[in-house]
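Order of the sequence lines sets the chain letters (A, B, ...), proteins ahead of strands, with each chain counted from 1. Only a predicted model underlies this, so the values are computations on that prediction, with no experimental measurement involved. Both backbone and side-chain heavy atoms feed into the values below; hydrogens, waters and symmetry mates do not.
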Number of protein chains: 2
Amino acid sequence: MGVRAQQKEKTRRALVDAAFNQLSAERSFSSLSLREVAREAGIAPTSFYRHFKDMNELGLTMVDEGGLTLRQMMRKGRQRAEAGGSVIRISVDTFIEVLESNPNVFRILLHERSGTSAAFRAAVEREIEHFISELAHYTEAQAKRTPELARAQAEALVILVFNAGASALDIKRSERKALADQLVLQLRMVATGAEALQQKMDNRA
Amino acid sequence: MGVRAQQKEKTRRALVDAAFNQLSAERSFSSLSLREVAREAGIAPTSFYRHFKDMNELGLTMVDEGGLTLRQMMRKGRQRAEAGGSVIRISVDTFIEVLESNPNVFRILLHERSGTSAAFRAAVEREIEHFISELAHYTEAQAKRTPELARAQAEALVILVFNAGASALDIKRSERKALADQLVLQLRMVATGAEALQQKMDNRA
DNA sequence: AAGTTGAGCGTACAATTGTACGCTAATTTA
DNA sequence: TAAATTAGCGTACAATTGTACGCTCAACTT
């Protein structure tokens with residue numbers, strides 16, 4: 001890569017990072033202005049256009065990147081689970097850790113999921129879908145579920161986790177343990193219930 | 001009430017209604033400007049302040065009102081359920097109907113739940129909490145659950161319903177049936193799982 | 001009847017926004 | 001080496017925003 005392309009990439013990163021850094025509990029992506037992001041990245045407002053068509057394009061980039069980051073971190077956590085122990089418990093703990101170290105990555109997914117841009121919502125849904133289908137396939141193989149049941153179960157699990165994540169962002173660290181415990185309980189409910197429904201179906205056949 | 005107070009109340013309503021009417025899939029409350037709302041309500045921008053301290057105060061009013069509306073409609077639906085039939089099924093169907101006839105009421109709750117104002121998030125959480133605790137008490141009495149378990153179960157149910165509501169807003173009407181079916185399946189999972197966990201606990205004691 | 005209150009208005013202003021346009025200077029290509 | 005490309009800048013402008021201030025006049029109080 002030439003010197004020029006390298007520098008361009010560097011500036012582009014600066015823009016993405018600047019945007020991520022400006023996110024907080026009080027500041028959503030849609031409340032960021034092009035000028036603010038450019039300022040934080042240390043370039044002139046008009047230079048922004050050399051990298052992104054508009055703020056929308058930057059935002060979609062962030063959603064894609066964020067989803068990828070999250071999935072990578074969760075995958076690493078799953079490896080830990082293979083050493084033994086409750087899959088649910090370990091996954092929840094991993095998720096909380098991921099959340100604490102990358103709050104803004106989670107925030108943009110969380111917020112834009114119910115945002116005003118259809119493109120954003122679709123992008124977030126796509127990321128969440130990755131989680132769901134990964135989990136559904138795992139469950140289908142592992143626990144011998146109907147595809148339909150596995151799908152519904154996986155979706156319920158992911159939704160509950162995601163939702164707890166949103167709450168976790170809003171509370172003190174000391175309260176997070178209780179939240180994690182309740183989440184584990186809920187996930188067990190779903191898993192147990194799915195198992196029971198599956199058996200009822202099997203018996204009937 | 002005097003003529004004067006009456007007129008004031010009327011204008012106040014015009015403001016609230018104007019704001020609700022401007023909400024849509026593409027337009028969130030936080031993207032509304034004070035001037036837009038005033039314009040739609042047919043008053044001068046500065047007159048807005050005679051009714052609300054700022055847009056925040058209007059928004060909180062809307063959340064409270066919206067939550068109330070939703071609860072009232074759901075309660076009406078529950079009466080229908082008392083005539084017999086699956087509580088889950090009827091509740092889900094009611095919810096979908098409520099959603100279709102008041103999309104904007106649901107939207108503001110949905111969006112501000114993950115919004116950037118702590119006050120808004122708290123207000124929405126309060127509304128959702130009403131649903132949860134109503135349901136938890138019902139389940140605790142009806143199905144003889146531990147308070148802890150009843151709470152976790154109720155919360156899981158409400159989250160799943162709420163979440164499905166968000167998806168429902170984004171799809172065609174014809175696809176909503178499938179969504180409702182899957183939701184019912186998920187709710188049954190939770191209910192069945194909670195029952196199983198409860199029995200396991202009872203046996204142990 | 002006289003005095004007070006307050007809802008609504010119009011004007012005004014400083015901020016901030018997105019972005020069009022044309023320039024510069026360094027890199028890349030030929 | 002000469003020409004072409006392009007990342008980044010500065011200037012400029014029209015929109016829009018929230019809100020301070022002071023006025024009016026109908027409704028209410030005394």
Side-chain angles (χ1 to χ4, degrees), chain A residues 1-24 26-62 108 111-112 115-120, chain B residues 1-24 26-62 108 111-112 115-120:
Chain A
M1 195 162 60
V3 175
R4 194 162 192 157
Q6 231 166 22
Q7 175 53 37
K8 182 168 187 181
E9 180 54 33
K10 206 168 146 190
T11 305
R12 191 188 140 103
R13 265 253 65 81
L15 281 169
V16 174
D17 291 344
F20 266 121
N21 286 335
Q22 306 216 2
L23 295 182
S24 73
E26 296 79 27
R27 212 82 164 68
S28 71
F29 174 77
S30 50
S31 81
L32 298 183
S33 77
L34 181 152
R35 290 175 100 106
E36 278 177 308
V37 175
R39 206 178 305 136
E40 173 89 6
I43 64 169
T46 47
S47 301
F48 179 96
Y49 298 105
R50 301 289 182 195
H51 303 274
F52 300 99
K53 189 178 138 286
D54 53 21
M55 282 294 283
N56 247 337
E57 200 173 289
L58 167 60
L60 290 176
T61 302
M62 290 169 73
I108 193 169
H111 192 266
E112 298 309 326
T116 51
S117 152
F120 271 62
Chain B
M1 196 163 56
V3 175
R4 191 159 192 158
Q6 232 166 21
Q7 175 54 38
K8 179 166 187 183
E9 180 54 30
K10 207 168 145 190
T11 306
R12 190 189 142 104
R13 265 253 63 82
L15 281 170
V16 174
D17 291 344
F20 266 121
N21 286 334
Q22 306 216 8
L23 294 182
S24 72
E26 297 78 28
R27 212 82 163 67
S28 71
F29 174 78
S30 50
S31 81
L32 298 183
S33 75
L34 182 152
R35 291 175 99 108
E36 277 178 308
V37 174
R39 205 178 306 137
E40 173 90 3
I43 64 168
T46 48
S47 301
F48 179 96
Y49 297 105
R50 299 288 183 194
H51 304 272
F52 301 99
K53 190 177 137 285
D54 52 23
M55 282 293 284
N56 246 338
E57 200 172 289
L58 168 59
L60 290 176
T61 301
M62 292 169 72
I108 193 170
H111 192 267
E112 297 310 326
T116 51
S117 151
F120 271 62

- Any residue meeting salt bridge (Lys or Arg N to Asp or Glu O under 4.0 Å) with D54(A), in chain and number order, not counting sequence neighbours: none
- Item | Pairs satisfying side-chain hydrogen bond (donor to acceptor under 3.5 Å, both in side chains), at least one member in residues 4-17 of chain A, at least two apart | Q7(A)-T11(A), R13(A)-D17(A), R13(A)-E65(A)
- Query: Can you list the residues that meet the side chain to side chain contact (heavy atoms under 4.5 Å, CB included) rule with A14(B), with sequence neighbours excluded?
  - Reply: A41(B)
- Message: With the threshold set at under 4.0 Å for non-hydrogen atoms, list the residues of residues 48-56 of chain A touching DNA chain D in residue-number order.
- Response: R50(A), H51(A)
- Query: OP1 or OP2 of dT17(C) sitting under 4.0 Å from any side-chain N/O of R39(A)?
  - Reply: yes
- Message: I need the CG-C1' distance between L15(A) and dG8(D), as an integer number of Å.
- Response: 12 Å
- Message: Taking only side-chain N and O atoms of S33(A), does any of them lie within less than 4.0 angstrom of OP1 or OP2 on dT17(C)?
- Response: yes
- Message: Using a 4.0 Å heavy-atom cut-off to protein, can you give one letter per nucleotide of nucleotides 24-30 of chain D, 5' to 3': B if the base is in contact, S if only the sugar-phosphate is, - if neither?
- Response: --BBS--
- For the side chain of Q7(A), starting at C-beta, report the closest nucleotide among dA7(C), dC9(D), dG8(D). dG8(D)
- Task: Would you mind reading off the distance between L32(B) atom CG and dT17(D) atom C1', rounded to a whole angstrom?
- Result: 13 Å
- Task: Could you state the atom-to-atom distance from CD of E9(A) to P of dA7(D) in whole Å?
- Result: 12 Å
- Query: T11(A) or P45(B): which one's nearest nucleotide on DNA chain D is closer to the 5' end?
  - Reply: T11(A)
- For atom CD of Q6(A) and atom P of dT6(D), their distance in whole Å: 18 Å
- Quick one: list whatever passes side chain to side chain contact (heavy atoms under 4.5 Å, CB included) with T46(B), sequence neighbours left out. A44(B)
- Note on the structure: Closest heavy-atom pair, P45(A) versus R35(A), reported as atoms and distance to 0.1 Å, is CB-CG, 4.1 Å
- E36(B) has an atom CD; how far is it from atom C1' of dG18(D), in whole Å? 13 Å
- Query: If you check the L34(B) side chain, which of dG8(D), dT19(D), dC9(D) turns out closest?
  - Reply: dT19(D)
- Message: Restricting to side chain to side chain contact (heavy atoms under 4.5 Å, CB included), what partner residues turn up for A38(A), sequence neighbours left out?
- Response: I43(A)
- Task: With sequence neighbours excluded, tell me which residues meet side chain to side chain contact (heavy atoms under 4.5 Å, CB included) with L60(B).
- Result: A119(B), F120(B), A123(B)
- Task: List for me each residue that meets side chain to side chain donor-acceptor pair (under 3.5 Å) alongside S30(A), sequence neighbours excluded, and say none if there are none.
- Result: S28(A)
- In whole Å, what is the span from the NZ atom of K10(A) to the P atom of dG8(D)? 11 Å
- Message: Give me the atom names and distance for the closest heavy-atom approach of A19(B) to L58(B).
- Response: CB-CD2, 4.0 Å
Could you pull out the protein-nucleic contacts involving nucleotides 11-13 of chain C (nitrogen or oxygen on both sides, under 3.5 Å)?
none

- Message: Nearest whole Å is fine: how far is dA7(D) P from K8(A) NZ?
- Response: 4 Å
- For E36(B), check salt bridge (Lys or Arg N to Asp or Glu O under 4.0 Å) against everything at least two apart and list the hits. R27(B)
- Any residue meeting ring-ring contact (aromatic ring centres under 6.0 Å, His included) with F48(A), in chain and number order, not counting sequence neighbours: F52(A)
